[in-house]
Amino acid sequence: MTGHEADIDEILITSDAIQEALVRLGSEITRDYAGRDLLVIGVLKGAFMFMADLARHVAMPMEFDFMAVSSYGVATKTSGVVRIQKDLDLDIEGRDVLLVEDIIDSGLTLNYLLKNLRSRGPASLEVCALVEKEGAQRVSLDIRYKGFEIPEVFVVGYGLDYAQRFRNLPYIATLKPEFFDQGTKPPMPKSLT
Ligand code: IMP
Ligand code: MG
């Protein structure tokens, strides 16, 4: 229980399913990167939980770094304009880089990030995403490691937020419809209004 349960509509991905995906993805990454010098980059804030849990299932030495980008703000649709709020600390030139993302919706954020990182000359650059929204992509992307596909709905939990809340839910779920008003102001969680 996290105190958010009253606002949750439907659990789309259970905690058990997430655990199974972590084991599967972790062993794929361990196998594929054996003997290489892996640098894992997490996209803040959404990927923090996934990255931390995934890393415990990757049985090899690795380094970590983080980037923070702005995409949605408090609304639920991306504008396509991505701003880097925190850049990497490490130089990725010549490194084997694995970018860890929470969720891919339009794909615009990831597309921008990949272009940006590619320009820094990594030896390799792959993506591990926990969730992909089926049919939502506006650009074609190659996701090497993928946890789940879900329909085009807004979800929260396991790192994913709505107006900065719900990140601590151990599962991924939709919010009750009454949660979103149709007004011109960005909708706010009921508990904050
Ligand atoms: P995209 O650029 O449309 O692919 O959106 C990517 C980013 O928007 C993700 O990294 C998330 O931070 C956020 N996002 C997209 N869909 C959702 C969602 O359903 N819930 C919470 N955040 C989301
Ligand atoms: Mg994100």
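Counting starts at 1 for both ligands and their atoms, in listed order. Side chains are part of it too, since the values below use all heavy atoms of this structure and drop only hydrogens, waters and symmetry mates.
By the rule that hydrophobic residues join a cluster once side-chain heavy atoms approach within less than 4.5 Å of another member, Leu114 and Leu90 end up as members of one cluster.
Near Ser106, meaning under 4.0 Å from one of its heavy atoms, ligand 1 places the atoms 1 (P), 2 (O), 3 (O), 4 (O). Listed by number with element, the atoms of ligand 1 under 4.0 Å from a non-hydrogen atom of Leu160 are 21 (C), 22 (N). Listed by atom number, the atoms of ligand 1 under 4.0 Å from Lys133 heavy atoms are 16 (N), 17 (C), 18 (C), 19 (O). When each atom of ligand 1 is checked for a heavy atom of Asp161 under 4.0 Å away, the hits are 21 (C). Of all atoms in ligand 1, listed by their number and element, those nearer than 4.0 Å to a heavy atom of Glu101 are 10 (O). If you number the atoms of ligand 1 from 1 as listed, the ones under 4.0 Å from a heavy atom of Ile103 come out as 6 (C), 9 (C), 10 (O), 11 (C), 14 (N), 15 (C), 16 (N), 17 (C), 19 (O), 23 (C).
For Val156, the heavy-atom gap to ligand 1 stays at 4.0 angstrom or more. Residue contacts with ligand 1 do not include Arg138, since none of its heavy atoms lies under 4.0 Å from the ligand. Put simply, part of Val155 is less than 4.0 Å from ligand 1, judged by heavy atoms. Contact analysis puts Gly107 in contact with ligand 1, with a non-hydrogen atom separation below 4.0 angstrom.
What you find for Gly135 and Glu152 is that their closest heavy atoms are O-OE1, 3.8 Å. Leu125 approaches Leu117 most closely through the heavy-atom pair CD2-CB, 3.9 Å.
In this structure, CZ in Phe64 is found 12.0 Å from CD1 in Ile41, a value given to the nearest 0.5 Å.
Residues that satisfy the side chain to side chain contact (heavy atoms under 4.5 Å, CB included) test with Asp16, not counting sequence neighbours, are Thr14.
Between Asp87 and Arg120 there is a salt bridge, since a side-chain N of the basic residue sits under 4.0 Å from a carboxylate O of the acidic one. Residues Asp7 and Arg165 are not paired through a salt bridge, judged by the lack of any N-O separation under 4.0 Å between the basic side chain and the carboxylate.
Note: no N/O pair closer than 3.5 Å links Ile104 and ligand 1 by distance alone.
Ring-plane geometry between Tyr145 and Tyr33 is classed as tilted, the angle between the planes lying from 30 to 60 degrees on a 0 to 90 degree scale.
When Tyr162, Tyr112, Phe154 are checked for heavy-atom proximity to atom 18 (C) of ligand 1, Phe154 turns out nearest.
Contacts between Val153 and ligand 1 below 4.0 angstrom, taking non-hydrogen atoms only, involve the backbone exclusively.
Atom NZ of Lys86 is surrounded by more than 12 heavy atoms from other residues, nucleotides or ligands within 6.0 Å.
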